[in-house]
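Here the structure comes first, spelled out in C-alpha cells, and everything after it is commentary.
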Amino acid sequence: MAREPAARQEGEVAGGGDSSSESGSCSASCSGDSDELEPEWLNSVQKNGELFYLELSEDEGETLLQDSSSEVSAVNHVRFRENEAEVIQEGSQKERKYEPRLKKFTKIFKKKNLLPKQSGKKGTGGGNGHSSGPTSILKHQSTQKGGVTIQQRYKDVCVYVNPKRLPNAGAGEKVKLLEALVGIVHQSSWSSRKAGDQNRNNKGNNEEKLVVHGLVPGSSAIKTGQILIGDALIAVNDVDVNAENIERVLSCIPGPMQVTLTFETSVFEHEGTSQQRYKQAQSIMNNLVKLLWGEDNMDLQLAIQGMPHIVMYLTLKLDSETSKDEQEILYHYPISEASQKLKSVRGIFLTLCDMLENVTGAHIISSSLFLCGKLVQVVYCKESDKLLVIGLPAESVPLSQLRNMITDVVRTLRFMYGSLDSAFCQVENISCLDHFFNLFFQRAIQPARLNSNASPSVQQYDNCSALLLDNLPAVRWLTLPEEIKMEIDTALSDLEAVDFAELSEDYYDMRRLYIILGSCLFYKGYLIGNHLPKEDLIDIALYSRHYCLLPLAAEQRIGQLVIWREVFPHHHLEPSEASDVTVYREPEARYFLLIVGLRHFMLCVLLEAGGCTSKAIGNPGPDCIYVDQVKATILHLEGVESSIEERLESPSVPCLSCADWFLPASRDKLESFTAPPILSKLQNKIATSPTSKRTLFSDSSLRTRKPSPSRNSGGSDNGSEGPEEGGGLNPLATLDQVQKHERKESQGSRGSEGSGSLFKVNKKKQILPNPFHLGNLKKSLSEKDMELCNAIKLTSGPENTLFHYISLETMQGIFITPTHKEVQQLSGSIHPQLIKNFHRCCLSIRSIFQQTIMKEKKKNSDSGSNSESRKASSDFNLVREHGVLFECSPDNWIDQKKTPPTMAYWVVGRLFLHPKPREFYVCFHDSVTEVAVELAFKLSFGLAT
Amino acid sequence: MGEDEGSITLLCLTASSGVPLFCRSRGTPSKHQLPFSVIGSLNGVHMFGANLDVLLAATCTANTRVAWRVFHNSITLIVLSSEEGASDFTLGRLLDNAFSTMVLILGLEELVNVRNIERLKKDLRACYKLIDSFLGPLEKTGDLTQCVECVPVPHGPVLQECLEAFAGAAESRFGCLLAGGRLALATDPWWQLAPQELLLLTWLVGVLPPHTTRDYPVYLPHGSPTVPHRLLTCQLLPGLEVCLLCGPSPGLPTVESELVPRFWKPLLEPLQACVRPPPPGAVLPPGVLAFLLVNGEQRSSLSSVQPPGSRGEAPLQEPFQAGFPHRAQHCYVVSATHKAYAIHAPQHQLFLLLAPNVPTFALRPLATRALQRLTEDAAC
C-alpha cells in the first residue's frame, strides 16, 4: 500500500514510539525492543478471548488506589477471567501458522503476544521488566507510593477438598491442582513480573509467591468467602508453599479432607489524613470504577440489600432424574434476605406463566406483589421453556419502565451471548452474569451513587433524567458543526476501510482476519459519529450503558479502555422474513465488538469474521493491530477535541431559559445583573389580563427566512410540500400579526444569532415536509405571502420560554437534549425541580406512546380482516399528543401575607409516525401562545441533522 | 385471539377453603366458564404467596389482566379482564365495589363468619344483578370516579324543601330523589354517606325489579356493615323515585298511602319537569362531544354524552403516582380520532371529550369556559 495515512504514524507513536514507518523493513526491530511494546491489556485476555480492560489515566488512578483499602484494586480486573490461561487447543493450528508471519511484518508485537493465551505459561522466564507504555494501575500497585505502606497480615482459612471429584484431565493436558482442587487461580507469568518488583522492594528471595488472581466459581475457595483476590497463599496445613512446590503438595492429599490454607494479606494504610478530603470528592467516582472492576463494594451492596430485588432464570421443564437442589433455578442473583423471599415464591411465577398462557393465549408480562409492605413489580420474559424473571420495588422503577428494562436486558444478553440459554446455562458465565446484574441493580436502584459527576447540579440532572434517558432506544447525540462532522466521518471511514498497510491482502497473500462493519464514536458520553445501522448502534449503546461506559468517559479521563468480545447482533444473525433469493443475505459469519476508550473518547467497532474474511476459529482474542488502529483513529481525532469542547460549552440552539426567571421573586435579583427588560414586560403582561397573550406572541420573536436552496441531503422526503391533512390550525386571526411582526423582527433578531450560526446553517438544509398540523399553517402562509417560508422557529433570546426538550429520533436511534453544560448554567431553585418533573412526566407520556405504537403495529398486522367500526373504536387509544400543565411556586416563600407567586408551564409530548417515527418532548412556559407551541414542535425538525 | 369486545370474569371463593362461591362473567362464550382447574390454580398461587408473606396483587399478560384481593381474610375475589381499557386501577375498583355490594346486601357478619357455605351461595344470588352491572362495559362513570352521578333539576329549591319535609315526616334523615337512575336531589345527611355507599344505593335501586314501592333491607358497607337499615323506595312518576333510609318505622303502607300523596302530589308539575330535564350540554360550545364534571368536595359528578355512539370518556390510564414535585393543573390528549382535555380546579374536575377538528390550541380556552358555565348553573 502506497498510502501512508497520518493515522498510522500516530498509531505507531501510541504503540510505543517505534521510529521506522515502512512496514516492509522490519526484521531488525522486531526482535529487539518488542517487549516494551507489549500492550498492558494482553494479560487480561480471558480464555474465551474476551477482554475487559480498564485503566484510568495517571492522576485518577492514583487517587483511586490510595482510597482502596484492604483490597488491591489493580488485580481486580482479573475477576473477569474465570479460568487460567491455557494453551489454546485444537483449531489454533491454522492461526498459529500465519500469525508469526504477521508478527514478523508488523514488528510491533512479539510472538507470544499475538497468542496471548500462551503468554501465561511462557512469559515466566522473561521477567524482563515492565513496558514503558502508558502507566497502568498495575505499576502503581507494585511500585509503592510514598504515602502508602503495606502491612502484611496472615490469616488461616479452612477449605474442604476432594481429589476424587477432580475432572478427568484431557489427553496431554496437565491439571492444575490448585485450581481444580481448591479453586484458586494463580497465573505464574503474571505475578512473576510483579514479584520481581516486590522483590526489589522487599526481601529478594527468588521463590514466586502464589498470589490469588482469581477464584473459580462454585469452588470451595469461593464458598468460604474469606479468600480475597490479591492474597498470597503461603502455606497449606502449615507446609510452606510457593509456585514451585504447590502442585506437589496438593497432590499429596489422599482423599476428601479439610485443609488449612494460610494467606498473607496486604493491607494498605494511609500515612496521613491529608488525602482524606480528596478521597471524599473522589469516592462517588470510585464507586463506579470499582463496580466496573468487579470489586465487591460492600458499601454499595449494603445500600440496596434491604430492597427486594431479584433476577432469576427458571426452567419450566422439570427433570426428575437429576437430584440437584433447586433444579428449576438455572440462575439467580443476588443472595440477600429480601431477595430470598422472592426466590421462595418462584412457584407463583412458574405457575402463572404456564397457566395464564394456556388460558389467555398470550404471554405473561408482569405481576405486582406486596412484600414487607412494599410493592414489588415483577416482569417476565419467556424464551422457549425458560423464564427470565426480574423483580424490583415499584418505588425505584415504575412498571412501564421496568418492562422496558427487561427488554433491554434481554437484548443485551442476546447481543453478548447469542441467546438467554447460552447466557445462563453455561457455568463459566456465572461470575460475568453476577457482575452484569450487580451493575444492573445498582443502576436501577441507586443511579445517584454511580453517577460520577463533580458538579452537584449536573449530577442532579443526571439522576432525574437517568430513568427516562437510560431506557430510550437511542443514544444521546451531539450536533456538531459540519467541518468537524466531516473530519470525524472521514476518520471513521478510513478506519472502516481496513486498508492499513499491515493488513493488505495482496501483500501477505492471505485473507484478513476481520472486516469492519461499522463504527461509532462517543465523546464524553455523547455520540458524535455513527457509521452503524440503527439496530447495531442500539445494541452497542445498550451494552455500553449496562457497563456504565458512557458516564465513565464523560467524567474521567480513561487511561485506556479495551473491550473485546464476540457478539451476536440479531440484526445480522436473524435476517428479515423476506428470504427471497434476490434479497441480500448476511454471510454466515461471526461478529466481534471492539471498544477502545482513550481519555474522553470511546470508539466502538463492530467486526465481522467469516464473510469475505478468513473464518474465525476458536475464541480469538483481540488482535493488536486492530486495537492499535482504532487507537490511532482516536488519537488522530484528538485535534477536534477542542472544537467539540467548544460546542459543549457554547449555548445551544435552541436556547433555553431558566424557570426561576419567570418568578417575580427572583426577578429583582436577576435584573441587577442580566437586566432582562423583556422579561419584566412579559410578567406584566401575564399579570394584566389573559387577552394580552396575543401580544406576547411578538415577544417570542418569531422569525422566518427565505427558503434556502434546500439541498436535502437525504434526498428522500423532499418535494412533498403540498397540502397536508391535519386537524390543525386555522389561526388566520393571528397570522396577520405574525406576519407583520415577522417583518419587523427579522431585522433585529438576525443579530442575535451569534456563535450559533454554524448550527443554524446546518439546520437549514434539513427542512423536511411537515407531517403534522402545521401543514395548514404553512399552506395558508404560502398562499398569502410567498416570501414567508418554511423555517419558522423559536429563536434564541432572553425572552425565550423554552425550558427543556428531548427529541427522539426512533429511526436513527438517537436523541437530542440539552447538554449537561447548558443545564448547569441554568441553576435556580425551581428549575431543577422543573427538570425533574419534566422527566417524570415524559416517562408517563412515553409509556402511553408506547402503547400507541404497539397498537398501531397490531392494527397494521391484522388490518385486513377488521371492520371499519372496530378500527374507529381502537383508534381512540392511538394517542398522538399529550400535554400537561403544571403549576409551581417557590419553596422558600417567606412572605406569609401574600400568596406565593405561581408559575405555570406545559410539558407536551408528541408522537410522529410519519414520515418516520419520532417523539418530541418540550417543556415551556405557560405564556407561550398556542401557535408558538406548534412552532416548538417545528424545532424538532431542525435539531436532528 | 381476537378479543373483539373483551371479556371479564369475576370469581368469588372462600379464602380459607377455596370453595368457589360464584363466578360471574361477560363476554365471549368460549371463556364463559373457566375450568375449575384454572380457578383452583388462580386461587392457589395467591394462597401460596400469602403463606409466605408475599401478597400477589395483580398480573398481566399481553391481552389479559388478573387482580386478586382478599377481604377480611374470608372472601377472595379474583377478576380476569381482557378489556382494552382495563387497568390495575379499574380492576381494583371493581373488586372493591363487588365486595361492598355483598356487604350491602348480606351484611358483613355473614361474610366474615361463614357457617354454612351452601346457604351463603344461595344468599349471594341476590347480589348477582348489581355485580353484573359492574362487569358491563363502562356505562356509568361512577366506576371510575367513585362519585355518584347527578342530574340537574329545574325547580331545585322547591323540591329540595319538599324532600326534607317528606323525610322528616318519615322519621328519617336520609332521603333522596332519583331521576332515571341518577341522583337528582338528596338531603344533607344523604350526602354525608360514604361516596361508595351513595353509588351503590343509587345503582341498587336501578337494578331491583321494577315495583311501585319497595322495602329492602340494606347494610351500609362503611356506615353500618352489621346492622341492617330499611331502604324504602316509592315511584312518583315513571323514571322518578324517592328513596328513604330508615329504621323499623314507619311501615311501607304508611309511607306509600299517606306521606307520598301528602307531600308530592302538589308538586306534580316540577316533578314532571324532572323526568325529562334539559340536557345540560346545551350551553356548551360546539365540538364538545361529552363532558364529565366531578365535584371533588361533594363527590358528585355530572356527565353528558351528546352524540350517540361515542364511547364516552377516554380510558385514560394516567399513571400519575407520587413523584411529581409540581401539581398538574390541565392535561390534554390528542388521539387519532378524538381529543380530550382535563382541568383540575380546586373544587372541580372537568373532563371533556372533543371532536378532532377542534384545534389543539383552542382546547384550553374552550375548556376553561365550559368549566365556568357548568359550575355556574349546575346543581352539582
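Values reported hereafter were calculated over all heavy atoms of this structure, with side chains retained and with hydrogens, waters and symmetry mates removed. Chain letters run A, B, ... following the sequence lines, proteins first, then strands; residues in each count from 1. Since this is a predicted model, take the numbers as computed values, not measurements.
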Say you draw a straight line from [atom1] of [X] to [atom2] of [Y]; how long is it, rounded to the nearest 0.5 Å?
{"X": "B/Tyr341", "Y": "A/Leu885", "atom1": "OH", "atom2": "CG", "answer": "6.5 Å"}
{"X": "B/Lys339", "Y": "A/Arg880", "atom1": "NZ", "atom2": "CZ", "answer": "12.0 Å"}
{"X": "B/Asp53", "Y": "A/Ser344", "atom1": "CG", "atom2": "OG", "answer": "9.5 Å"}

If only atom types and distance count, is the side chain of B/Asn63 paired as donor or acceptor with the main-chain N or O of A/Thr360 below 3.5 Å?
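Yes; at least one donor-acceptor contact below 3.5 Å.
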With no hydrogens and no angle check, is any side-chain donor or acceptor of B/His330 less than 3.5 Å from a backbone partner on A/Val884?
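No, the answer is negative, given that no donor and acceptor are paired below the 3.5 Å cut-off.
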Can you list everything that forms a side-chain hydrogen bond (donor to acceptor under 3.5 Å, both in side chains) with A/Ser367? Sequence neighbours excluded, please.
A/Tyr380, B/Thr59
Taking side-chain hydrogen bond (donor to acceptor under 3.5 Å, both in side chains) as the test, write out the residues that go with A/Ser368, two or more places apart.
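Scan of A/Ser368 (side-chain hydrogen bond (donor to acceptor under 3.5 Å, both in side chains), adjacent residues dropped) gives A/Gln377.
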Is the shortest heavy-atom distance from the side chain of [X] to the side chain of [Y] under 4.5 Å?
{"X": "B/Val54", "Y": "A/Phe370", "value": "no"}
{"X": "A/Leu356", "Y": "B/Thr64", "value": "no"}
{"X": "A/Ile348", "Y": "B/His46", "value": "no"}

What option among [options] has the most heavy-atom pairs under 4.5 Å with chain B?
{"options": "A/Leu371, A/Ile845, A/Val345", "value": "A/Val345"}
{"options": "A/Leu342, A/Leu375, A/Leu352", "value": "A/Leu352"}
{"options": "A/Ala904, A/Cys353, A/Ala362, A/Gly883", "value": "A/Gly883"}

B/Asn51 atom CG, neighbour heavy-atom count above 12 within 6.0 Å:
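Yes, enclosed.
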Suppose we screen for salt bridge (charged side-chain N to carboxylate O under 4.0 Å, His left out). Which residues come up paired with A/Lys341, at least two apart in sequence or across chains?
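If we apply the salt bridge (charged side-chain N to carboxylate O under 4.0 Å, His left out) test to A/Lys341, skipping adjacent residues, there are no hits.
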Which heavy atom in B/Tyr332 sits nearest to a heavy atom in A/His882, and how many Å separate them?
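Answer, listing the atom of B/Tyr332 first, then A/His882: O-ND1, 2.9 Å.
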Only heavy atoms, only distances under 4.5 angstrom. Which residues in residues 37-44 of chain B are near chain A?
B/Val38, B/Ser41, B/Leu42
